[in-house]
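Written out below as structure tokens is the structure these notes cover.
Being a predicted model, the structure only gives us computed values, none of them experimental. Chain letters run A, B, ... following the sequence lines, proteins first, then strands; residues in each count from 1.
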Amino acid sequence: MTKSPAAADQTGKIVAWYDRHHRDLPWRISPPMAARGIRPDPYKVWLSEVMLQQTTVQAVKSYFTLFTAKWPTVTGLAEAETEEVMKAWAGLGYYARARNLKKCAEAVAYSHGGRFPDTEEGLKALPGIGDYTAAAIAAIAFDRPAAVLDGNVERVISRLNAVDAPLPGSKPLMRALVARMTPTARPGDFAQAMMDLGATICTPKRPACALCPVNESCAALASDDPERFPVKAGKKERPVRLGAAFVAIDETGAVFLRKRPGHGLLGGMTEVPNTDWTARQDGDTGTDTAPFDGKWHDCGTVVHVFTHFELRLTVFRSRVSRTTAAGQGVGPGWWEPEESLAGEALPSVMKKAIKQAIPDAFQPRPRAIEPMQSRG
DNA sequence: AATTCGTGGGC
DNA sequence: TGCCCAAGAAT
């Protein structure tokens with residue numbers, strides 16, 4: 001593809017900026033390391049890219065460390081129990097990513113000889129890998145000059161070129177503009193440079209244009225209002241849904257849990273029994289929908305904001321014996337001991353509901369003070 | 001093409 | 001406080 005002199009000039013300045021100002025991240029091979037011949041591990045590139053989909057660097061760090069310690073290779077992840085993967089992913093959100101992560105690991109381990117495909121097309125055929133992630137892995141792990149376009153790059157590109165057309169319709173144009181800038185030398189570092197630039201300089205609010213390596217050729221800065229870009233389509237309002245959740249506690253302090261269906265909202269994750277979440281405002285959030293009869297104590301309401309609706313969940317608590325609960329027809333599920341609740345595949349909304357019913361549920365259990373042991 | 005799909009932090 | 005945002009993918 002033809003590269004305009006202006007675009008090539010911007011590319012050189014951005015990669016040079018990256019050499020000086022790149023972020024050091026747990027999954028990244030920084031330029032000094034790369035200069036010593038260290039190559040990225042495609043498994044870690046893939047894992048980090050999936051975790052980073054719509055998720056902040058800060059949130060991903062601890063999960064990445066945990067996953068790579070627990071499963072150092074893609075084959076190890078492929079051989080893991082899906083439930084263990086969901087437990088490890090719990091709290092990170094967008095749980096289809098975890099389900100697809102496991103499927104993708106299995107495909108790579110069992111259908112690709114344990115090695116990731118090294119082309120965009122091959123990568124994109126795998127579960128959970130779309131346009132962005134395929135291009136990112138191809139560029140970063142395999143040195144392919146793929147056009148990497150994520151939210152950061154969209155912001156940088158739309159400002160450099162003052163793209164007036166709104167997202168997401170302007171995506172093909174943006175992709176073409178990135179492709180025009182993508183070098184054949186160090187395409188992976190160029191991609192990461194664009195993302196670092198968007199994350200640290202070309203920020204959504206109050207961009208630090210004075211520190212930008214390409215401020216002289218930025219159309220948005222020249223037009224004096226860089227914050228106007230990227231232009232986005234209007235967002236829809238967020239409806240409210242109501243529901244009730246039931247925290248049943250047995251004589252040992254164990255909590256009754258069950259499994260959600262494998263697809264859809266919070267698919268494959270663990271939950272406490274709860275009603276459907278509906279838009280109805282007539283108050284069908286009472287104990288008539290409880291999983292079994294009993295004295296249900298109203299613990300109040302928790303509010304949880306999902307991407308496309310806000311949930312107001314009325315939480316009820318009941319102390320029952322297992323035999324009583326079983327006799328009253330408690331549905332499929334299991335009693336989870338209090339001390340292992342924190343390790344379950346509970347999404348944040350469920351932890352929030354359980355905390356509402358049992359405020360110290362996820363606190364480290366107070367332990368008896370043991371006498372100091374003398375050694376020798 | 002438009003919806004669905006989490007969560008936490010910043011301002 | 002409410003809104004925006006974050007290395008998007010699947011359907």
Side-chain angles (χ1 to χ4, degrees), chain A residues 23 25-28 44-64 86 89-101 103-104 123-141 146-156 166-169 171-172 174-175 178 188 190-200 202-206 227 230 232-241 260-269 271 277 302-311 345-352:
Chain A
R23 292 177 291 176
L25 300 171
W27 46 85
R28 173 175 286 178
K44 292 183 178 176
V45 174
W46 162 72
L47 178 61
S48 66
E49 290 300 340
V50 173
M51 286 183 165
L52 286 161
Q53 289 165 5
Q54 294 291 286
T55 308
T56 58
V57 165
Q58 185 54 39
V60 164
K61 282 182 178 172
S62 63
Y63 285 85
F64 178 82
M86 302 312 285
W89 196 276
L92 200 52
Y94 285 138
Y95 298 100
R97 291 185 297 171
R99 291 179 257 130
N100 285 329
L101 190 81
K103 290 181 193 164
C104 183
L123 288 161
K124 203 182 160 185
L126 293 167
I129 299 182
D131 288 335
Y132 162 75
T133 304
I137 298 172
I140 297 170
V148 176
L149 184 65
D150 77 324
N152 288 305
V153 180
E154 283 170 0
R155 194 164 52 253
V156 173
L167 283 167
K171 216 170 230 187
M174 302 248 208
R175 195 179 307 284
V178 183
F190 170 71
Q192 295 178 92
M194 291 288 276
M195 293 190 275
D196 278 20
L197 191 60
T200 65
C202 196
T203 50
K205 302 295 178 189
R206 299 174 58 94
E227 276 190 29
K232 294 188 177 180
K235 15 225 168 270
K236 306 191 339 186
E237 66 179 78
R238 187 166 7 229
V240 173
R241 295 187 197 175
R260 291 180 65 87
H263 296 285
L265 186 68
L266 308 178
M269 301 299 284
E271 66 178 5
W277 302 339
V302 296
V303 177
H304 190 79
V305 180
F306 291 94
T307 304
H308 54 294
F309 66 93
E310 173 184 315
L311 176 64
L346 291 163
S348 291
V349 62
M350 291 300 157
K351 286 191 174 180
K352 207 181 280 188

message: Of the listed nucleotides (B:dG6, C:dA7, C:dC4), which one gets closest to any side-chain atom of A:K235?
response: C:dC4
query: Given atom CE of A:M350 and atom C1' of B:dG6, what is their separation to the nearest angstrom?
result: 12 Å
message: Whole angstroms only, please: what is the CG-P distance between A:L101 and C:dA10?
response: 12 Å
task: Could you work out the separation of B:dG10 and C:dA7 based on their P atoms and round it to a whole Å?
output: 14 Å
statement: Considering only heavy side-chain atoms of A:L266, the closest of B:dT3, C:dG8, B:dT7 is B:dT7
- prompt: Relative to the 5' end of DNA chain C, which residue comes earlier, A:G128 or A:D150, by the nucleotide with the nearest heavy atom?
  reply: A:D150
- request: Taking only the side-chain heavy atoms of A:R155 (C-beta and beyond), determine which of C:dA7, B:dG6, C:dA6 contains the nearest atom.
  value: C:dA6
- prompt: So what does A:L92 hit on the nucleic acid, given a heavy-atom distance under 4.0 Å: a base, only sugar-phosphate, or nothing?
  reply: base
message: With rounding to the closest Å, how many angstrom separate the C1' atoms on B:dG6 and C:dA6?
response: 12 Å
message: Which is more 5' along DNA chain B, the nucleotide nearest A:Q58 or the one nearest A:A96? Just name the residue.
response: A:A96
message: Heavy atoms from C-beta onward define the side chain here; which of B:dT7, C:dA6, C:dA7 lies closest to that of A:P204?
response: C:dA6
message: Heavy atoms only, 4.0 Å cut-off, all strands: where does A:W46 land among base, sugar-phosphate and nothing?
response: nothing
Salt-bridge present (A:R260, A:E271; N to O < 4.0 Å): yes
query: Are any of A:H304's side-chain N or O atoms less than 4.0 Å away from OP1 or OP2 of B:dT7?
result: yes
query: Touch check for A:G267, heavy atoms < 4.0 angstrom, all strands: base, sugar-phosphate only, or nothing?
result: nothing
field: Spacing between A:W277 atom CH2 and B:dC5 atom P, to the nearest angstrom
entry: 10 Å
query: Under the side-chain contact (heavy atoms from CB on, under 4.5 Å) criterion, do A:I129 and A:W46 qualify, and how do the steps go?
result: CA-CA 9 Å; A:I129 299 182; A:W46 162 72; 3.7 Å; yes
message: In whole Å, I'd like the distance from the CG atom of A:L149 to the C1' atom of C:dA9.
response: 14 Å
task: Using a heavy-atom cut-off of under 4.0 Å over every strand shown, decide if A:T133 touches base, sugar-phosphate, or nothing.
output: sugar-phosphate
task: Determine the contact category for A:V349: base if any of its heavy atoms lies under 4.0 Å from a base atom, sugar-phosphate if only primed atoms, P, OP1 or OP2 are that close, otherwise nothing.
output: sugar-phosphate
query: Which part of the nucleic acid, if any, lies within contact of A:T55, taking any heavy atom under 4.0 Å across all strands shown: a base, the sugar-phosphate backbone alone, or nothing?
result: base
message: What's the separation between atom CZ in A:R99 and atom OH in A:Y94, rounded to the nearest 0.5 Å?
response: 13.0 Å
message: Rounded to whole Å, please give me the gap between NE2 in A:H263 and P in C:dT11.
response: 9 Å
task: Counting heavy atoms from C-beta on, name the nucleotide in C:dA7, B:dG6, C:dA10 closest to the side chain of A:L265.
output: B:dG6
message: Counting the atoms with a prime plus P, OP1 and OP2 as sugar-phosphate, which does A:P168 contact under 4.0 Å by heavy atoms, base, sugar-phosphate, or nothing?
response: nothing
- request: Would you indicate what A:L25 reaches in the nucleic acid, counting non-hydrogen atoms under 4.0 angstrom: base, sugar-phosphate, or nothing?
  value: base
task: Using only heavy-atom distances, determine whether the side chains of A:R28 and A:Q192 contain a donor-acceptor pair under 3.5 Å.
output: yes
- prompt: To the side chain of A:N152, which of C:dA9, B:dG6, C:dA6 is closest?
  reply: C:dA6
query: Are any of A:T56's side-chain N or O atoms less than 4.0 Å away from OP1 or OP2 of B:dT7?
result: no
message: For a side-chain contact (heavy atoms from CB on, under 4.5 Å) check, start with the C-alpha distance between A:E310 and A:V303, then their side-chain angles and the critical distance, and finish with the verdict.
response: CA-CA 7 Å; A:E310 173 184 315; A:V303 177; 3.7 Å; yes
Aromatic centroids of A:F306 and A:H304 separated by under 6.0 Å: yes
- prompt: OP1 or OP2 of B:dT7 less than 4.0 angstrom from a side-chain nitrogen or oxygen of A:Y95, does that happen here?
  reply: yes
query: What is the distance, rounded to the nearest whole Å, between atom CD of A:Q54 and atom C1' of C:dA9?
result: 9 Å
- prompt: Side-chain donor or acceptor of A:R97 under 3.5 Å from a matching atom on the base of C:dA6?
  reply: no
- request: Just call it for A:R238: base, sugar-phosphate, or nothing, with non-hydrogen atoms closer than 4.0 Å on any strand.
  value: nothing
query: Which whole-number value in Å describes the distance from A:L126 CG to C:dA10 C1'?
result: 15 Å
- request: Between A:G264 and A:A59, just flag the one whose closest nucleotide in DNA chain B comes earlier from the 5' side.
  value: A:G264
field: Interatomic distance, A:H308 NE2 vs C:dT11 C1' [rounded to whole Å]
entry: 14 Å
query: Contact class for A:K236 vs. all strands (heavy atom < 4.0 Å): base, sugar-phosphate, or nothing?
result: sugar-phosphate
task: State, without any angle test, whether A:Q53 and A:Y132 hold a side-chain donor-acceptor pair at a distance under 3.5 Å.
output: no
